[in-house]
Every structure is written in C-alpha cells, then in structure tokens.
Amino acid sequence: VQLQASGGGLVQAGGSLRLSCVASGSFFSTNAMGWYRQEPGKQRESVASISRGGATYYAESVKGRFTISRDNAKNTLYLQMNSLKPEDTAVYYCNKILSPLTWGQGTQLTVSS
C-alpha cells in the first residue's frame with residue numbers, strides 16, 4: 001500500500017498548480033481521503049478532505065482557493081490550488097482520513113512573493 005503525491009513546484013504568488021496523489025491498493029474508493037501540508041518546524045495540518053461520496057471540507061485558510069477531487073477509477077486524489085500565497089509553501093501529503101497509512105514523501109510547493 002502506497003501513496004505517491006506529485007505536482008508540486010515553484011510558483012509565483014497568485015498562480016495555480018494541481019497536485020495529484022496516486023494510491024496503490026484497493027482501499028482508495030472506499031475511504032475518505034485528504035490533503036495535508038507541513039511547514040518546517042510545524043505540525044502537519046489538514047488542508048482539505050473528500051468523502052467516498054464526494055462531500056468536501058476545507059480549512060479556512062484555503063477555502064475558495066483550493067478544490068479537492070477524486071477519480072476512483074484511477075485511484076487518484078487531486079488538489080487544484082488557485083490564487084496561491086507564500087503562506088501556502090509547504091510539503092503536501094495525501095492520506096486516508098481514518099486510520100492513516102504510512103506517510104509518503106509528499107510533494108514540495110514553494111510560492112514566491
């Protein structure tokens with residue numbers, strides 16, 4: 001069982017980027033999934049989550065700017081990020097909401113001002 005996040009990079013403030021997370025294993029379609037982020041020296045925090053049925057939740061800091069979605073046929077979770085801010089800079093991870101799996105390496109997003 002593995003979670004592989006990708007799509008990060010360096011972007012200017014105000015720009016957009018889409019992250020992807022491919023899950024290996026049969027758990028994806030039957031579980032709520034989420035995106036998390038972690039800045040150096042800080043705790044990992046929840047950014048957005050999506051239920052099996054597609055209901056979504058967003059942290060206040062990203063509401064209106066980020067959109068989480070999932071493609072169960074491809075075992076893939078997405079995070080569309082618009083109007084990026086320097087404070088969005090972090091390593092982004094994906095995982096199950098309940099009983100999280102071993103955390104993958106994540107993908108680095110750097111937003112320059």
For Leu3 and Ala23, which heavy atoms make the closest approach, and how far apart are they?
CD2-CB, 3.8 Å

State whether the side chain of Thr76 and the backbone N or O of Lys74 hold a donor-acceptor pair below 3.5 Å, judged by distance alone.
yes

Report yes or no: do Tyr92 and Val22 belong to one cluster of Ile/Leu/Val/Met/Phe/Trp/Tyr joined by side chain heavy-atom distances under 4.5 Å?
no

Show every side-chain hydrogen bond (donor to acceptor under 3.5 Å, both in side chains) that has at least one partner inside residues 1-24, sequence neighbours left out.
Ser16-Asn82

Taking only residues at least two apart or on different chains, which pairs with a member in residues 40-113 satisfy disulfide bond (SG atoms under 2.5 Å apart)?
Cys21-Cys94

Identify the two heavy atoms, one from Val62 and one from Val47, that lie closest to each other, and give their separation to 0.1 Å.
CG2-O, 3.5 Å

Separation between CZ (Phe66) and OG1 (Thr56), nearest 0.5 Å, reads 14.0 Å

Residue pairs, two or more places apart or on separate chains, that pass salt bridge (charged side-chain N to carboxylate O under 4.0 Å, His left out) and touch residues 45-59:
Arg37-Glu45

Please report the C-alpha distance between Thr67 and Met81 in whole Å, then the side-chain angles of each, then the deciding distance to 0.1 Å, and finally whether the side-chain contact (heavy atoms from CB on, under 4.5 Å) criterion is met.
CA-CA 7 Å; Thr67 302; Met81 306 181 293; over 6 Å; no

Return yes when atom CD of Glu87 has more than 12 non-hydrogen atoms of other residues, nucleotides or ligands closer than 6.0 Å, and no otherwise.
yes

Do you know which two heavy atoms are closest between Ala13 and Pro86, and how far apart they sit?
CB-CD, 4.1 Å

Which heavy atom in Ile97 sits nearest to a heavy atom in Ser49, and how many Å separate them?
CD1-CB, 3.6 Å

Any pair counted as ring-ring contact (aromatic ring centres under 6.0 Å, His included), so long as it reaches residues 28-59, sequence neighbours left out
Tyr36-Trp103

Determine whether a donor-acceptor pair (N or O, by modelled atom type, separation under 3.5 Å) exists between the side chain of Asn95 and the backbone of Pro100.
no

Pairs in or reaching into residues 104-113: which pass salt bridge (charged side-chain N to carboxylate O under 4.0 Å, His left out), with residues at least two apart or in two chains?
none

Same apolar cluster: Val91 and Ile68, side chain cutoff 4.5 Å:
no

Keeping the roles fixed (side chain from Asn31, backbone from Met33), state whether a donor-acceptor pair exists under 3.5 Å.
no

Heavy-atom pair with the smallest gap, counting every atom of Ala48 and Leu79:
CB-CD1, 4.3 Å

Closest non-hydrogen atom pair, Ser26 against Thr30
O-OG1, 4.3 Å

Ignoring hydrogens and angles, write down the donor-acceptor pairs under 3.5 Å from the side chains of residues 106-113, residues two or more places apart or on other chains.
from, atom 1, to, atom 2, distance (Å)
Thr107, OG1, Gly8, N, 2.9
Gln108, NE2, Ala90, O, 3.4
Gln108, NE2, Thr110, OG1, 3.4

Decide whether a cation-pi geometry holds between Arg70 and Tyr78; the criteria are a distance under 6.0 Å from NZ or CZ to the six-membered ring centre and an angle within 45° of the ring axis.
no

Separation of Leu19 CG from Tyr93 OH (nearest 0.5 Å)
12.5 Å

